[in-house]
Amino acid sequence: MSLRHHPLGLVAALTIVLVCAPSHAIDSETLDDPVLQTRYVAISKELRCLVCQNQSIQDSNADLAKDLRRQVRGMLLAGRSDTEIYAYMTERYGDYVRYRPPWRINTLLLQLFPFIVGLLGVTLLWGTLKKHRSRQSVSTPDEAERDLSLPEDQP
(Lines give C-alpha, C1' and ligand atoms only; values in the text may rest on other atoms or scores of the structure.)
Protein backbone atom coordinates (compact mmCIF):
# COMPACT_ATOMS: atom_id res chain seq x y z
CA MET A 1 0.00 0.00 0.00
CA SER A 2 1.31 3.46 -0.80
CA LEU A 3 0.68 6.88 0.69
CA ARG A 4 -1.52 7.81 -2.28
CA HIS A 5 -4.11 5.29 -1.19
CA HIS A 6 -4.16 6.58 2.39
CA PRO A 7 -4.75 10.33 2.56
CA LEU A 8 -4.18 10.32 6.32
CA GLY A 9 -0.70 8.86 5.80
CA LEU A 10 0.07 11.51 3.20
CA VAL A 11 -1.05 14.25 5.60
CA ALA A 12 1.10 12.76 8.36
CA ALA A 13 4.14 12.61 6.07
CA LEU A 14 3.67 16.21 4.95
CA THR A 15 3.26 17.33 8.54
CA ILE A 16 6.53 15.64 9.53
CA VAL A 17 8.35 17.28 6.62
CA LEU A 18 6.94 20.72 7.43
CA VAL A 19 7.73 20.42 11.12
CA CYS A 20 11.29 19.25 10.51
CA ALA A 21 12.11 21.69 7.70
CA PRO A 22 12.51 24.86 9.81
CA SER A 23 15.03 23.17 12.12
CA HIS A 24 17.53 23.00 9.26
CA ALA A 25 16.95 26.59 8.17
CA ILE A 26 17.72 28.40 11.44
CA ASP A 27 20.95 29.97 10.23
CA SER A 28 20.42 31.04 6.65
CA GLU A 29 23.51 33.26 6.42
CA THR A 30 26.63 31.65 5.11
CA LEU A 31 30.14 32.85 4.53
CA ASP A 32 31.57 32.93 1.02
CA ASP A 33 34.83 31.23 2.01
CA PRO A 34 34.20 27.50 2.62
CA VAL A 35 37.05 27.31 5.15
CA LEU A 36 35.58 30.18 7.15
CA GLN A 37 32.13 28.62 6.84
CA THR A 38 33.45 25.34 8.25
CA ARG A 39 35.13 27.15 11.15
CA TYR A 40 31.98 29.20 11.71
CA VAL A 41 29.78 26.09 11.96
CA ALA A 42 32.28 24.33 14.24
CA ILE A 43 32.53 27.30 16.59
CA SER A 44 28.77 27.85 16.57
CA LYS A 45 28.21 24.24 17.57
CA GLU A 46 30.68 24.57 20.46
CA LEU A 47 29.02 27.64 21.95
CA ARG A 48 25.92 27.25 24.12
CA CYS A 49 22.88 29.44 23.72
CA LEU A 50 22.50 31.16 27.08
CA VAL A 51 18.71 31.43 27.00
CA CYS A 52 17.81 28.04 25.52
CA GLN A 53 17.66 24.61 27.08
CA ASN A 54 21.08 23.21 26.20
CA GLN A 55 21.10 24.16 22.53
CA SER A 56 24.09 25.46 20.65
CA ILE A 57 23.90 28.86 19.06
CA GLN A 58 23.94 27.02 15.73
CA ASP A 59 20.70 25.20 16.59
CA SER A 60 18.94 27.99 18.46
CA ASN A 61 16.58 30.52 16.99
CA ALA A 62 16.70 32.86 20.01
CA ASP A 63 17.62 36.49 19.48
CA LEU A 64 20.72 36.14 21.67
CA ALA A 65 21.89 33.15 19.60
CA LYS A 66 21.43 35.20 16.43
CA ASP A 67 23.53 37.99 17.97
CA LEU A 68 26.24 35.53 19.02
CA ARG A 69 26.31 33.98 15.54
CA ARG A 70 26.62 37.47 14.06
CA GLN A 71 29.53 38.22 16.44
CA VAL A 72 31.27 34.96 15.56
CA ARG A 73 30.81 35.65 11.86
CA GLY A 74 32.19 39.18 12.28
CA MET A 75 35.23 38.00 14.23
CA LEU A 76 35.97 35.33 11.62
CA LEU A 77 35.77 37.92 8.85
CA ALA A 78 38.05 40.19 10.90
CA GLY A 79 40.67 37.43 10.86
CA ARG A 80 40.53 36.33 14.48
CA SER A 81 41.59 32.82 15.40
CA ASP A 82 39.32 30.23 16.98
CA THR A 83 41.18 30.62 20.27
CA GLU A 84 40.61 34.38 20.25
CA ILE A 85 36.91 33.90 19.53
CA TYR A 86 36.50 31.36 22.34
CA ALA A 87 38.47 33.63 24.68
CA TYR A 88 36.25 36.59 23.82
CA MET A 89 33.04 34.61 24.36
CA THR A 90 34.30 33.09 27.61
CA GLU A 91 35.46 36.46 28.92
CA ARG A 92 32.13 38.05 28.08
CA TYR A 93 29.71 35.24 29.03
CA GLY A 94 31.72 32.97 31.32
CA ASP A 95 32.75 29.33 31.00
CA TYR A 96 29.09 28.31 30.76
CA VAL A 97 28.97 29.52 27.15
CA ARG A 98 31.23 26.64 26.11
CA TYR A 99 30.13 23.02 26.02
CA ARG A 100 33.66 21.96 26.86
CA PRO A 101 34.97 24.46 29.40
CA PRO A 102 38.74 24.84 29.63
CA TRP A 103 40.74 23.03 32.31
CA ARG A 104 41.17 25.48 35.15
CA ILE A 105 41.49 25.13 38.88
CA ASN A 106 37.94 26.37 39.42
CA THR A 107 36.49 23.84 36.96
CA LEU A 108 38.78 20.97 37.99
CA LEU A 109 36.57 19.73 40.82
CA LEU A 110 33.49 19.91 38.61
CA GLN A 111 35.15 17.90 35.87
CA LEU A 112 36.73 15.34 38.19
CA PHE A 113 33.73 14.95 40.52
CA PRO A 114 32.18 11.97 38.67
CA PHE A 115 35.49 10.10 38.77
CA ILE A 116 36.00 10.90 42.46
CA VAL A 117 32.50 9.64 43.32
CA GLY A 118 33.07 6.49 41.23
CA LEU A 119 36.40 5.79 42.91
CA LEU A 120 34.86 6.35 46.35
CA GLY A 121 32.01 3.96 45.50
CA VAL A 122 34.38 1.23 44.31
CA THR A 123 36.52 1.67 47.45
CA LEU A 124 33.49 1.39 49.73
CA LEU A 125 32.23 -1.68 47.87
CA TRP A 126 35.65 -3.34 48.03
CA GLY A 127 35.96 -2.61 51.78
CA THR A 128 32.48 -3.94 52.48
CA LEU A 129 33.09 -7.15 50.52
CA LYS A 130 36.45 -7.68 52.25
CA LYS A 131 34.87 -7.21 55.68
CA HIS A 132 32.04 -9.60 54.80
CA ARG A 133 34.49 -12.29 53.64
CA SER A 134 36.59 -11.99 56.80
CA ARG A 135 33.48 -12.49 58.94
CA GLN A 136 32.60 -15.64 57.07
CA SER A 137 36.09 -17.17 57.36
CA VAL A 138 36.42 -16.65 61.14
CA SER A 139 34.05 -18.78 63.12
CA THR A 140 32.59 -17.59 66.36
CA PRO A 141 33.70 -19.19 69.70
CA ASP A 142 30.38 -20.99 69.96
CA GLU A 143 30.85 -22.50 66.54
CA ALA A 144 34.40 -23.56 67.38
CA GLU A 145 33.26 -25.21 70.65
CA ARG A 146 30.44 -27.00 68.85
CA ASP A 147 32.90 -28.31 66.29
CA LEU A 148 35.11 -29.76 69.08
CA SER A 149 32.21 -31.39 70.92
CA LEU A 150 30.95 -33.33 67.94
CA PRO A 151 31.52 -37.04 68.36
CA GLU A 152 33.92 -38.67 66.02
CA ASP A 153 32.77 -41.45 63.84
CA GLN A 154 32.71 -44.65 65.84
CA PRO A 155 32.60 -48.05 64.25
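Being a predicted model, the structure only gives us computed values, none of them experimental. Below, each value reflects all heavy atoms present in this structure, side chains not excepted, and no hydrogens, waters or symmetry copies.
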- Set of residues satisfying side-chain contact (heavy atoms from CB on, under 4.5 Å) with respect to Arg100, sequence neighbours excluded: Glu46
- Message: For Asn54, give me all partners under side-chain contact (heavy atoms from CB on, under 4.5 Å), at least two apart in sequence or on another chain.
- Response: Arg48, Tyr99
- Taken to the nearest 0.5 Å, the spacing of Leu76 CG from Leu36 CG works out to 5.5 Å
- Message: With salt bridge (Lys or Arg N to Asp or Glu O under 4.0 Å) as the criterion, how do Asp59 and Lys45 come out once you've worked through the C-alpha distance, each side chain's angles and the decisive distance to 0.1 Å?
- Response: CA-CA 8 Å; Asp59 299 331; Lys45 287 182 178 179; over 6 Å; no
- With sequence neighbours excluded, tell me which residues meet side-chain contact (heavy atoms from CB on, under 4.5 Å) with Gln71. Leu68, Met75, Tyr88, Met89, Arg92, Tyr93
- Message: Checking Arg98 now: which residues fulfil side-chain hydrogen bond (donor to acceptor under 3.5 Å, both in side chains) with it, not counting sequence neighbours?
- Response: none
- Query: Would you say Asp95 and Pro102 make side-chain contact, with heavy atoms under 4.5 Å?
  - Reply: yes
Under 3.5 Å donor-acceptor pairs involving side-chain atoms of residues 108-121, not counting sequence neighbours:
residue: Gln111; atom: NE2; partner: Pro101; partner atom: O; Å: 3.3

- Item | Student check: side-chain heavy atoms of Gln37 and Val41 closer than 4.5 Å | yes
- With sequence neighbours excluded, residues passing side-chain contact (heavy atoms from CB on, under 4.5 Å) with Thr38: none
- So which residues get pulled into Val35's cluster when ILVMFWY side chains under 4.5 Å apart are joined, directly or through others? none
- Going from OG on Ser44 to CZ on Arg39, what distance comes out if it is rounded to the nearest 0.5 angstrom? 11.5 Å
- Item | Which residues share a salt bridge (charged side-chain N to carboxylate O under 4.0 Å, His left out) with Asp33, sequence neighbours left out | none
- Side-chain (Ser134) to main-chain (Lys131) donor-acceptor, under 3.5 angstrom: yes
- From CZ (Arg69) to CD1 (Ile43), nearest 0.5 Å: 14.0 Å
- CH2/Trp126: more than 12 non-hydrogen atoms of other groups inside 6.0 Å: no
- Query: Mind checking whether Leu47 and Tyr86 have side chains closer than 4.5 Å, heavy atoms only?
  - Reply: yes
- Task: Could you pull out all residues at least two apart from Arg70 that satisfy salt bridge (charged side-chain N to carboxylate O under 4.0 Å, His left out)?
- Result: Asp67
- Message: Show the nearest heavy-atom pair for residues Cys52 and Cys49, with the distance to one decimal.
- Response: SG-SG, 3.0 Å
